[in-house]
Structures are given as C-alpha cells and as structure tokens.
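Data first, discussion second: the structure below is written as structure tokens.
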Amino acid sequence: MAPVALVDCNNFYASCERAFNPKLEGKPIVVLSNNDGCVVARSNEVKALGIPMGEPWFKIEKEAKRHGIVAYSSNYALYGDMSARVMGLLGRFSPRQEIYSIDECFLGLEGFGTRDLTAYCQTIRQQVRQGTGIPVSVGIAATKTLAKLANHVAKKRPGYDGVCDFGRLTPGELNTLLDEIGVSEVWGVGRRIARRLEVMGITTVQQLRSADCRWIRQQFSVTLERTVSELNGIACIEIEEEAPNKQQIISSRSFGKPVETLQELSEAVCSYTTRAAEKLRSQESVAGSIGVYILTNSFKPQEPQYQRSQMVPLPTPTDDTRQLAQAALRGLKHIFKPGFRYKKAGIMLLGLEPKAHRPRTLFDDPAADSRSARLMQVMDVINTRMGQDTLKIAANGIERSWKMRRGMQSPRFTTDWNEIPNVRA
DNA sequence: ATCACGGTTTGCA
DNA sequence: CTAACGTGCAAACCGTGAT
C-alpha cells in the first residue's frame, strides 16, 4: 500500500499575517472570524496562554490585551492567495495531490521505493518555508486517517521536527504511541462521538482501533466503521484529486449591525446570491431551486425572536444571477416581517446538476439562454480580473450599511498593490 | 411494508 | 462610550404520502 502524506500549515492564518510582518515573530497573535466574532486561529504563544479556539473575542479582549496579544480581522483575500502558492509548491512533490482545505493537502507517495520519506518531507517543509514563509508539518502513513494522526504527532512532539512517518515505527511502538493520543484527535471523531465513545470506555486512539468493526457499525455508522478500518491501515478513503461537484451551495453571513428593513435584507440576499451563483457557474452546474432564510439574534433572548426560511423552485434550472436573485427576493418578501432586528440572512442553491445535463423543453429559448450565458461570462471575467463586484446587478446596493465589521484587517499584501505599505500603483 | 421525498437535525472541520 | 458569539457542507434522521 502506497504511503500517504498529509501536509498541514501550522496556525495557517496566523502564519500568513506573520509572513508579511516579521515584527510579529515570537509575539502572540490571533485571527478573528467574520465580524470580528470568534478566535479562529492562534499562534503557539496564544495556545500556550490557554485561549481556546472559537472563543468569542468580546469575552477575552481585555485579557488578551493584557497579554499583549495582537488581533487581526480575517483577510481571506490574503489567505486564499497564500494557500494557492503553498499548494502550487506542494503539488510539485507528488503526481497526486488532494487539496483538502485552505491549509492542508494529501500527497500520494507511491514509487519512492526504499528512499527515505522523512528526508523527502523535510525537503518539502524547507522549500515551502523558503518559498512562502509558511511553516508546515507532515504526517506519513498507510491511510489518510493515520496520516492525519501522524501529522498531529509531528506538530505536537518536538522530537519529530515537523515530520512523522508511522511507517518507520514498529507495530508495538505505534500501539504505544496511539494509546497516548485521545480519541477526539481522530479525523471524523468530533465532540459528540468522542463523548459517546468515552461513555463506552473508549478514550484513546488505540482503544478505538482495536474495537470490533461490526459493533461500531451497529452502534454508530458506516462512516465510523470506515474510520476504524483506516486506523488499522486498511485504506477506505481514496485521495480525490479533483473535488466532486457540490450538491448544495450555501452563502450566509451575519450582519455588522442589526438590520430592520426589507431593503437592506434584499441587498444582502442579492449579494449572497451573487457569490453563490459565481460558485455554481465555476463548477458548470445549474440550480433547480433556491432557499432563503433570515433570523434574529438568538444571543439576545430579551429581544423578540423570529426565524423563517422559504424554498423557491426555479421554473427551469439556471445559473443566471438575475433569475436566481429574483427568485430569492420573492422568497424573502414572503417571509419578511417588519418589527424585528435581523442578525443574519442566507441563501442556498439546491437541486444542482451539471449544466450540460439540464433537461430541455419545447418552450426553451436558445437565443435567450445564450445571451444569459454570455452576460454571466462577461461578469465573471471582469470580476475575476478587476475585483469582486466591479460589475454587479443593481439590487446589491451601494451603501451596504449591513456589511460585516472587520476593524483590524491587515493589507492584502499579495493581491492588491494599493494596500502594500509605501507603494502606490 | 417499503420507498421516495422534502425538511430538519446532527456532526464535522 | 457601548456592544459585541462563524461558515459551509454532507450524512443521518424523520414524518409523510404513494405504491
């Protein structure tokens, strides 16, 4: 069985901020979620201070300032671009790469014969560090699930120096190691399942690994059964070089301030629909229906609460932003009730299918279809080249008073000349 | 009794 | 000064009506 490597960027968002600001080296830094809501990335210094992941910023801001923690609003333009650079470099080290998330990828390591995988992966680390400034760790094992654990070991245990190959351990050594790791570190075991396993007396990876497959299947699910097999070195999850098309596309966001008017909600819904439709077209699919939802702030139980959603079927499946937005706005009008302070809205595209397979009827208008396709193409090209929303439909609004807060964002160092300090294009 | 469905909940990252 | 708590996705689950 060919080994698999899982390459994961260390504290990715925090490392991106640091890569362009060397003064932050050794300093505790956090990156916040949209709206500067929760902590989504922490440097090692912050982890050492015991600040948990996902903590609402307002709860810890005072304490954080005392410790000299530097906070950043998330800067997805920067992180996305840095990710593309890291992934591009990593792709050169293997013929098979699965980009699993913004900061991790799997690499197939077949055909290396007896060569030293650990040394090879040290080279990978060094090259990525040199080429991008981002530190990465590498786990190597027979299956993706084990590679994830090996990566965890590479990160947490200093002796490994950022690379851990389970293939170099004897079965006995691996058993001992896995018995020291909590079951919740396993890929696919979250809080919920970890708790249930704990009640059954399974607390370590080694215990889960030696559990009976059929019993696991019956008590939990096929998914967890597969995980157990993978922990035993039986590959059930293949490296997927190309991402399968999405079955649904969601776009939702909390507002920067409470929103009360249908007008503002309409702008938000329209702009979310625009984002989702761009994704839809990029995978060359059409949507059969669109759902809209709005809700008030449940963290303020003293205020009147309201939440509702509405599905709107499209007359014929489409990828045209105008048709999708029109349908979404109809749905929104149907569920909108005045007198509430709305916190969040979202839309979802459902019933996705490849555009080429879309059923045609006698009443189709091929000329209109091709006009729509060309307009969407022009919009996509212009917006890709010149920036999001350079060209947009009017219902998006101009003011956008509802848009999210991001008070502490760093410059988009790699994608916008105008934001680089001391440079003006 | 079984299936397809749509909608909701659960779970993960 | 105040108020301030993410997003995206799939699988599992569940009730319903059709067969």
Side-chain angles (χ1 to χ4, degrees), chain A residues 6 8-9 12-13 30-41 51-62 64-65 71 73-74 76 79-80 99-106 144-145 148 151-152 183-197 217-227 237 240 243-258 268 272 275-276 279-280 283 288-293 295-303 307-313 341 343-352 403-408:
Chain A
L6 188 261
D8 191 317
C9 301
F12 182 55
Y13 298 168
V30 296
V31 176
L32 305 178
S33 66
N34 283 343
N35 266 319
D36 296 340
C38 304
V39 172
V40 292
I51 306 245
M53 184 70 159
E55 189 73 351
W57 177 238
F58 77 89
K59 283 190 183 171
I60 54 165
E61 187 171 1
K62 275 220 171 97
K65 294 262 162 78
S73 305
S74 43
Y76 285 103
Y79 311 150
I99 297 173
Y100 176 69
S101 72
I102 194 164
D103 75 330
E104 342 169 23
C105 76
F106 292 99
K144 288 166 82 173
T145 305
K148 277 232 166 208
N151 187 280
H152 171 78
V183 75
S184 61
E185 299 298 337
V186 174
W187 189 30
V189 177
R191 253 208 337 262
R192 204 74 167 235
I193 291 178
R195 204 164 334 130
R196 280 180 62 197
L197 286 168
R217 158 118 206 215
Q218 172 221 320
Q219 293 289 315
F220 295 86
S221 64
V222 259
T223 323
L224 194 65
E225 183 191 16
R226 264 187 223 125
T227 299
I237 309 174
E240 310 238 8
N245 282 347
K246 305 268 185 268
Q247 303 171 30
Q248 54 180 238
I249 295 171
I250 295 174
S251 179
S252 70
R253 229 153 262 347
S254 308
F255 303 128
K257 59 152 213 198
Y272 304 161
R275 283 295 90 70
K279 283 193 208 167
L280 182 69
Q283 68 168 41
S289 62
I290 182 168
V292 207
Y293 67 89
L295 43 83
T296 51
N297 190 347
S298 60
F299 289 106
K300 291 185 167 178
Q302 67 281 14
E303 290 188 4
Q307 81 177 73
R308 221 179 135 186
S309 67
Q310 177 68 51
M311 290 293 309
V312 184
R341 289 155 63 81
K343 171 66 179 169
K344 181 175 181 179
I347 67 101
M348 55 193 109
L349 303 180
L350 301 165
L352 306 195
K403 68 180 183 301
M404 65 183 169
R405 290 183 313 274
R406 290 168 153 179
M408 304 165 279

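Chain identifiers are assigned alphabetically (A, B, ...) following the order of the sequence lines, protein sequences preceding nucleic acid strands; residue numbering begins at 1 within each chain. Please read all numbers here as calculations on a predicted model, not as lab measurements.
One finds a side-chain N or O of A/Arg253 lying less than 4.0 angstrom from the OP1 or OP2 phosphate oxygen of C/dG8. The side chain of A/Ser74 places no N or O atom within less than 4.0 Å of a non-bridging phosphate oxygen (OP1 or OP2) of C/dG6. For C/dC5, neither phosphate oxygen OP1 nor OP2 lies less than 4.0 angstrom from any side-chain nitrogen or oxygen of A/Asn35. An OP1 or OP2 oxygen of B/dA13 is reached within less than 4.0 angstrom by no side-chain nitrogen or oxygen of A/Lys148. Side-chain N/O atoms of A/Lys343 include one lying less than 4.0 angstrom from OP1 or OP2 on C/dG6.
Between A/Asn34 and A/Arg253 the shortest side-chain heavy-atom distance falls below 4.5 Å. Put simply, the side chain of A/Gln283 reaches to within 4.5 Å of the side chain of A/Leu352, judged on heavy atoms. Residues A/Glu303 and A/Arg341 have side chains in contact (heavy-atom distance under 4.5 Å, counting atoms from C-beta outward). You'll find the side chain of A/Tyr79 reaches within 4.5 Å of the side chain of A/Val31, heavy atoms only. You'll find the side chain of A/Lys344 reaches within 4.5 Å of the side chain of A/Ser252, heavy atoms only.
When heavy atoms are screened at a 4.0 angstrom cut-off, A/Leu32 is found touching no nucleic acid atom at all. Here A/Gln247 lies in heavy-atom contact (under 4.0 Å) with sugar-phosphate atoms only. Counting non-hydrogen atoms under 4.0 angstrom, A/Gly188 reaches the backbone sugars and phosphates but no base. Nucleic acid contact class of A/Val189 (heavy atoms, under 4.0 Å, all strands): sugar-phosphate only. At the heavy-atom level, A/Trp57 lies nowhere under 4.0 Å from the strands shown. Counting non-hydrogen atoms under 4.0 angstrom, A/Ser101 reaches nothing in the nucleic acid.
Separating the P atom of B/dC12 from that of C/dC5 is a span of 25 Å, rounded to the nearest Å.
Here the side chain of A/Ser74 pairs a donor or acceptor atom with the backbone of A/Leu32 at under 3.5 angstrom.
The side chain of A/Lys246 sits closest to C/dC9 out of C/dC9, B/dA13, C/dG6. Across C/dC5, B/dA13, C/dC9, the shortest atom-to-atom separation from the side chain of A/Ile249 is found for C/dC9. Across C/dA10, C/dG6, B/dA13, the shortest atom-to-atom separation from the side chain of A/Gln248 is found for C/dA10. Comparing B/dG11, C/dA10, C/dC5 by their closest approach to the side chain of A/Phe299 singles out C/dC5. Of all nucleotides listed (B/dA13, C/dC5, C/dC9), C/dC5 comes nearest to the side chain of A/Lys59. Distances from the side chain of A/Ser254 to the nucleotides B/dG11, C/dG6, C/dA11 place C/dG6 closest. Picking from C/dA11, C/dC5, C/dC9 the nucleotide with the shortest atom distance to the side chain of A/Thr223 gives C/dA11. Of the candidates B/dA13, C/dG6, C/dG8, B/dA13 carries the atom nearest the A/Tyr100 side chain, counting heavy atoms from C-beta on.
Electrostatic pairing of A/Glu185 and A/Lys148 does not count as a salt bridge here, judged by no charged N lying under 4.0 Å from a carboxylate O. A salt bridge links A/Lys65 to A/Glu61: at least one charged side-chain nitrogen sits closer than 4.0 Å to a carboxylate oxygen.
In this structure, A/Gln310 places its CD atom 11 Å from P of B/dT8, rounding to the nearest Å. Taking atom CD1 on A/Ile193 and atom C1' on B/dG11, their separation rounds to 7 Å, with Å as the unit. Rounding to whole angstrom units, CZ of residue A/Arg195 and C1' of B/dG11 are separated by 12 Å. When rounded to the nearest whole Å, the span between CZ of A/Arg192 and P of C/dC13 equals 12 Å. A/Arg226 places its CZ atom 15 Å from the P atom of B/dC12, with the value rounded to the nearest Å. One atom, CZ of A/Arg406, and another, C1' of C/dT7, lie 13 Å apart when rounded to the nearest Å. Between A/Met348 atom CE and C/dT7 atom P the separation is 14 Å, expressed in whole Å. Regarding A/Asp8, its CG atom lies at a distance of 11 Å from the C1' atom of B/dA13, rounded to whole Å.
Mapped onto DNA chain C by nearest heavy atom, A/Ile250 and A/Phe220 fall at different nucleotides, with A/Ile250 at the one closer to the 5' end. Two residues, A/Lys279 and A/Ser33, neighbour DNA chain C, and the one matched to the more 5' nucleotide by heavy-atom proximity is A/Ser33.
Rounded to the nearest 0.5 Å, atoms CG (A/Asn35) and OG (A/Ser73) are 9.5 Å apart.
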Dot-bracket encoding of pairs in DNA chain C, which uses [ ] for pseudoknotted crossings and | for another strand, Watson-Crick or G-U under 3.5 angstrom: ......|||||||||||||
